[in-house]
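Structure first, then comments.
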Amino acid sequence: QVQLVESGGGLVQAGGSLRLSCAASVSAFAQYLVAWFRQGPGKEREFVAMITWTGARRVYADAVKGRFTISRNNAENTVSLQMNSLKPEDTAAYYCAASSRTTWTQSATDYDYWGQGTQVTVSS
């Protein structure tokens, strides 16, 4: 069983930055694919970014490419999402998710474990 706890959300002005963290309670964390998803008000949950097991591959949604950076520290069982140049449309609850799949995926249905989410609000 994998437990994920997100932190770092908050209120920020447009153009500002936030760093989200996801702490995992699991052994062999490096065996899990990890991704961030978000769900804005009145919207469906959408993929934000994914990082593979050793961090060798990172995939981003077009909406955040060039502004967000995903990273992981397997020794500390953490994954981070650095968010720069934030826009009001980035306002959402952000969720960390982990998958035991052996091939990478952006589909939320392929992720077995989810955190409780952390709210990010970007004011204009």
Residues that [X] engages under side-chain contact (heavy atoms from CB on, under 4.5 Å), provided they are two or more places apart:
X: V59; result: F47, M50, R57, W104, Q106
X: Q119; result: T91, A93, T121
X: A56; result: T52, T54
X: Q31; result: A28

- Task: Could you name each residue pair satisfying ring pair (Phe, Tyr, Trp, His ring centres under 6.0 Å) that touches residues 48-73, not counting sequence neighbours?
- Result: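 Listed by first then second residue: nothing to list.
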- Message: Below 30° counts as parallel, above 60° as perpendicular, anything between as tilted: where do the rings of Y32 and Y113 land?
- Response: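 Correct class here is perpendicular.
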- Task: Only pairs at least two apart or in different chains count here, so list each salt bridge (charged side-chain N to carboxylate O under 4.0 Å, His left out) that has a residue in residues 105-124.
- Result: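 Sorted pair list: R101-D110.
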- Measure across E6 and W36 and return the closest heavy-atom pair with its distance rounded to 0.1 Å.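 So the minimum-distance heavy-atom pair works out to CG-CZ3, 3.8 Å.
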- Query: Is there any disulfide (SG to SG under 2.5 Å) pair reaching into residues 81-124, and which pairs are they, with sequence neighbours excluded?
  - Reply: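 The answer is C22-C96.
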- Message: Does anything in residues 49-95 form a disulfide (SG to SG under 2.5 Å)? List the pairs, not counting sequence neighbours.
- Response: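 Residue pairs with at least one partner in residues 49-95: there are none.
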- Message: Please report the interatomic distance CD(Q13) to OG(S124), rounded to the nearest 0.5 Å.
- Response: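 Q13 atom CD to S124 atom OG measures 9.5 Å (nearest 0.5 Å).
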- Task: Give, for atom OG of S80 and atom CG of L20, the distance between the pair rounded to the nearest 0.5 Å.
- Result: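 One gets 8.5 Å once the value is rounded to the nearest 0.5 Å.
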[X]: which residues meet the side-chain hydrogen bond (donor to acceptor under 3.5 Å, both in side chains) condition with it, sequence neighbours left out?
X: Y94; result: R38
X: S7; result: none
X: T109; result: S107

- Has Q3 got more than 12 heavy atoms of other residues, nucleotides or ligands less than 6.0 Å from its CD?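 It does not: Q3 CD has 12 such atoms or fewer within range.
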- Message: The criterion is salt bridge (Lys or Arg N to Asp or Glu O under 4.0 Å); which residues satisfy it with R67, sequence neighbours excluded?
- Response: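 With sequence neighbours excluded, R67 shows a salt bridge (Lys or Arg N to Asp or Glu O under 4.0 Å) to D90, given in chain and number order.
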- Query: When you check the side-chain N and O atoms of S17 and N84, is any donor under 3.5 Å from an acceptor?
  - Reply: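 S17 vs N84: donor-acceptor pair found between side chains.
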